[in-house]
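Presented below is the structure to which this report refers.
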Amino acid sequence: EILRNEISERELQPPPVMLSHRLLALRQSVPPLLTRRFAPALRGMATRAEIKEMSNDKWSAEFQKATIDLAKMDIQGISYKESAQRMRDLLKTGLLRHTDLESNPERFFLAHRLLALHAPQLGPGFWIRFTVHYNLMAGSVLGLGSPEQVALLDDMQEAGELGCFSLTEKLAGVSSGLVVGTTAEWDASAQQFTLHCKDQGAYKNWISQGIMADKTVVVADLHIAAKSYGPHAFLMNLREGGTPVAGVTTGDMGRKTVGNDLDNAWIKFDSVKLPKSALLSRYADVEGEEYVQKVKGMPVFHMIGQRLFTGRVAVAQAALMFRKKLFETTKGYAMSKQCWTPKGDKPLIHVPQIKSIFEENDKKAAAMEAFLAKCERELCAVLKANGMPQLPLVEAIAVAKVKAVEESIVMCHKLQNEVGSYALMGGTGFEQKDFLTCCKFAEGDSRVLMQKMARDRVKAFAKKPSEGDAEELRLCGILAAAVEKDKVNGWDEHFETVYELAEAIMARTVNQFMAA
């Protein structure tokens with residue numbers, strides 16, 4: 001409070017040079033920890049304590065104020081550096097702490113929804129930049145890191161350091177699951193890991209924010225004494241002073257249909273040396289030449305997947321927010337656009353098929369929003385308790401991600417094909433529809449999730465062939481017989497039945513979850 005009063009513009013208005021000297025003297029005269037703690041106040045922003053006590057309405061207003069300049073972004077011409085700087089500036093406001101994912105997850109999800117409202121204008125770039133940093137990078141450190149490693153997140157926030165998440169590889173993309181070719185070889189004598197991509201197939205691929213990030217959580221196959229212990233996560237410096245660290249090479253994935261303000265990179269690790277402290281060690285560590293699993297029955301690769309739960313809810317909500325904003329702006333046009341009829345002009349929105357689309361969307365969106373809201377409430381309770389979601393919630397979240405995205409794709413496509421030349425105009429939001437394509441394969445590709453639902457159901461059918469929904473049993477019978485006849489090709493040859501079964505499973509899951 002003394003520091004803030006000392007520099008308050010309301011009480012002190014010296015010439016700028018004098019004020020800068022006063023600030024420098026203040027910074028040099030107090031302990032670094034205190035300076036960091038009061039950094040927001042020194043920048044004229046709310047302190048961490050003030051932000052924590054804000055009501056949802058107050059916080060929402062402050063967050064929207066902090067992101068209002070996003071609307072001025074020239075997404076066709078802005079550089080990666082400029083776009084990343086906007087993210088750094090937002091990070092340093094402290095409005096959303098890295099730890100809010102566990103201590104105030106409602107705020108975490110609200111921030112994602114508010115940013116998604118910009119998507120029809122800006123596309124997916126900044127939203128992805130935001131969620132990769134907060135959910136994938138910081139969330140992985142929160143979930144997998146030791147207390148000392150989690151504490152590093154505060155330092156990152158104050159410095160405005162950005163992170164990325166290096167998981168997918170050239171030969172193991174979103175359709176492959178948790179397949180990792182990059183290795184981290186432990187050297188007990190040097191007390192360090194050697195991070196290495198053995199070939200191009202192991203290069204990390206499509207890493208969002210991979211060119212501008214200062215740090216990354218990289219997933220690699222941990223090897224100790226020539227034995228593989230599976231995928232583990234490591235927090236490392238990716239760049240120092242803006243330059244990739246020794247052994248790291250990055251490249252641009254190239255121009256995309258949307259989101260060209262976001263840097264998507266391939267990353268090669270060539271014998272990069274990492275200290276022992278790089279291994280996120282909440283659940284596993286290395287002692288001497290021994291692998292130590294700290295929590296029995298809790299493999300690390302299971303915990304790496306925990307970020308998928310928060311990410312799937314955020315992605316599903318983002319798809320709904322994009323759709324909501326697109327329908328709102330298009331409705332405004334349809335209400336003002338006059339159309340000739342034999343009985344006189346009337347607004348476009350009264351054309352029967354267009355009116356029907358808006359009515360259909362209102363009904364479906366309300367149902368999906370209610371389903372997602374319940375998923376969020378239950379997941380927030382789990383996050384605050386530092387627990388693990390139970391199977392019904394896990395299944396509901398997977399369904400929410402698939403249904404919210406796929407339904408939004410269908411409804412936005414319907415709308416686009418009925419509102420005439422308006423849908424061809426720049427600035428209407430329709431040119432950013434590939435935001436929904438990004439949602440489709442983010443945090444678990446929709447088709448992969450549906451395949452898993454069907455496989456799990458057929459496995460359950462094999463144990464209890466007469467238990468469950470009649471339609472699901474019929475479809476399970478078809479698939480079980482096909483696989484019995486041809487174990488290699490039977491499943492793939494009946495892919496339409498696979499997705500039909502997944503649709504039946506999702507309909508039942510929604511009904512049961514909402515009724516519980």
Side-chain angles (χ1 to χ4, degrees), residues 33 36-40 43 45-54 59-60 62-63 66-67 84-115 126-167 208-209 212-219 233-239 277-283 303-304 306-311 313-314 376 379-380 382-386 443:
L33 180 62
R36 186 167 71 245
R37 179 180 177 187
F38 286 96
R43 295 193 296 268
M45 297 181 292
T47 65
R48 186 170 182 175
E50 289 171 338
I51 293 171
K52 184 178 180 181
E53 296 303 318
M54 285 180 183
W59 185 89
S60 180
E62 290 296 320
F63 189 82
T67 55
Q85 187 59 50
R86 291 176 182 269
M87 179 62 203
R88 295 182 197 278
D89 292 342
L90 179 58
L91 179 63
K92 288 195 286 187
T93 65
L95 284 168
L96 187 69
R97 305 298 305 183
H98 291 130
T99 50
D100 281 342
L101 181 54
E102 291 182 347
S103 62
N104 195 346
E106 294 88 354
R107 190 171 282 182
F108 168 88
F109 289 117
L110 176 57
H112 280 78
R113 293 197 299 274
L114 292 173
L115 280 180
F126 196 84
W127 190 91
I128 294 174
R129 192 182 291 284
F130 181 87
T131 197
V132 162
H133 177 87
Y134 273 102
N135 182 59
L136 292 179
M137 187 285 298
S140 293
V141 177
L142 274 176
L144 299 171
S146 66
E148 294 78 14
Q149 290 166 329
V150 170
L152 296 175
L153 293 174
D154 276 349
D155 296 330
M156 283 187 65
Q157 183 141 28
E158 299 303 341
E161 292 181 331
L162 300 184
C164 63
F165 186 67
S166 301
L167 169 61
S208 295
Q209 202 156 252
M212 299 309 302
D214 305 291
K215 296 183 184 294
T216 187
V217 168
V218 57
V219 179
F234 300 79
L235 176 64
M236 61 171 286
N237 288 338
L238 192 62
R239 285 174 183 77
S277 58
L279 174 64
L280 295 180
S281 57
R282 180 177 179 181
Y283 293 97
M303 300 311 299
I304 292 174
Q306 293 304 297
R307 292 285 62 79
L308 292 174
F309 301 137
T310 49
V313 171
E376 181 190 328
L379 182 58
C380 284
V382 172
L383 292 168
K384 288 177 179 178
N386 198 23
E443 310 297 354

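Position 1 is the first residue of the sequence, and the numbers go up from there. Just so it is clear, the values below take in all heavy atoms, side chains as well, and ignore hydrogens, waters and symmetry mates.
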What residues form a ring pair (Phe, Tyr, Trp, His ring centres under 6.0 Å) with His98, not counting sequence neighbours? His133, Tyr134
Check: Phe165 and Val219 side chains under 4.5 Å, non-hydrogen atoms: yes
Closest approach of Gly160 and Asp214, non-hydrogen atoms and distance? O-OD2, 4.2 Å
Closest heavy-atom contact between Trp59 and Leu95? NE1-O, 2.8 Å
What are the two closest non-hydrogen atoms of Ala138 and Leu153, and how far apart are they? O-CD1, 3.9 Å
Flag the pair Met156 / Met137 as yes when at least one side-chain heavy-atom distance between them is below 4.5 Å, and no otherwise. yes
Quick one: do Glu161 and Arg239 satisfy salt bridge (charged side-chain N to carboxylate O under 4.0 Å, His left out)? Show the steps, please. CA-CA 10 Å; Glu161 292 181 331; Arg239 285 174 183 77; over 6 Å; no
Test salt bridge (charged side-chain N to carboxylate O under 4.0 Å, His left out) on Lys52 and Asp100 and set out the steps. CA-CA 10 Å; Lys52 184 178 180 181; Asp100 281 342; over 6 Å; no
Could you tell me if the side chain of Val141 sits less than 4.5 Å from the side chain of Leu152, heavy atoms only? no
Please name the pair of heavy atoms, one in Leu162 and one in Met87, separated by the smallest distance, quoted to 0.1 Å. CD2-CG, 3.6 Å
Per the ring-ring contact (aromatic ring centres under 6.0 Å, His included) rule, what does the pair list look like for residues 139-158, sequence neighbours excluded? none
OG1 of Thr216 to CG of Leu235: how many Å apart, nearest 0.5 Å? 8.5 Å
Atom CG in Asp154, atom CD in Gln157: separation rounded to 0.5 Å? 7.0 Å
Under the 3.5 angstrom rule, does the side chain of Glu102 hit a backbone N or O of Ala385 as a donor-acceptor pair? no
Which distance, rounded to the nearest 0.5 Å, do you find between the CZ of Phe130 and the CG of Asn135? 10.0 Å
Would you call the rings of Phe108 and His112 parallel, tilted or perpendicular, where under 30° means parallel and over 60° means perpendicular? tilted
Considering residues at least two apart in sequence or located in another chain, which fulfil the side-chain contact (heavy atoms from CB on, under 4.5 Å) criterion with Leu379? Phe109, Phe309, Thr310, Val313, Leu383, Leu393, Ile397
Look up atom CZ in Phe63 and atom CG in Leu115, then write down how far apart they are to the nearest 0.5 Å. 4.0 Å
Is the shortest side-chain heavy-atom distance between Arg107 and Ile51 below 4.5 Å? yes
Taking all heavy atoms of Leu280 and all of Val217, pick out the closest pair and write down the distance. CD1-CG1, 4.3 Å
Which residues satisfy the ring pair (Phe, Tyr, Trp, His ring centres under 6.0 Å) test with Phe234, sequence neighbours excluded? Phe193
Are any of the side-chain nitrogens in Glu106 or Lys384 under 4.0 Å away from the carboxylate oxygens of its partner? yes
For Phe126, the ring pair (Phe, Tyr, Trp, His ring centres under 6.0 Å) test, sequence neighbours excluded, returns none
For Val132 versus Gly163, what's the shortest heavy-atom pair and its separation? CG1-O, 4.0 Å
Working for side chain to side chain contact (heavy atoms under 4.5 Å, CB included), residues Cys164 and Leu238: CA-CA 9 Å; Cys164 63; Leu238 192 62; 3.9 Å; yes
To the closest 0.5 Å, what do you measure between OG (Ser103) and CG (Asn386)? 11.5 Å
Partner residues of Asn104 under the side-chain hydrogen bond (donor to acceptor under 3.5 Å, both in side chains) criterion, sequence neighbours left out: none
Quick check: do Arg113 and Glu376 have side-chain heavy atoms less than 4.5 Å from each other? yes
Could you go through Leu142 and Thr99, starting from their C-alpha distance and side-chain angles, then the distance that decides it, and tell me whether this counts as side chain to side chain contact (heavy atoms under 4.5 Å, CB included)? CA-CA 7 Å; Leu142 274 176; Thr99 50; 3.9 Å; yes
Any non-hydrogen side-chain atom of Leu136 less than 4.5 Å from a side-chain atom of Thr131? no
Would Glu158 and Arg97 pass as an ion pair if we require N to O under 4.0 Å? yes
Gap separating the CD atom of Gln209 from the CE atom of Met212, nearest 0.5 angstrom: 8.5 Å
Main chain of Leu279, side chain of Gln149: is a donor-acceptor contact present, judged purely on distance under 3.5 Å? yes
Is there a donor-acceptor pair closer than 3.5 Å between any side-chain N or O of Glu443 and the backbone N or O of Ala314? no
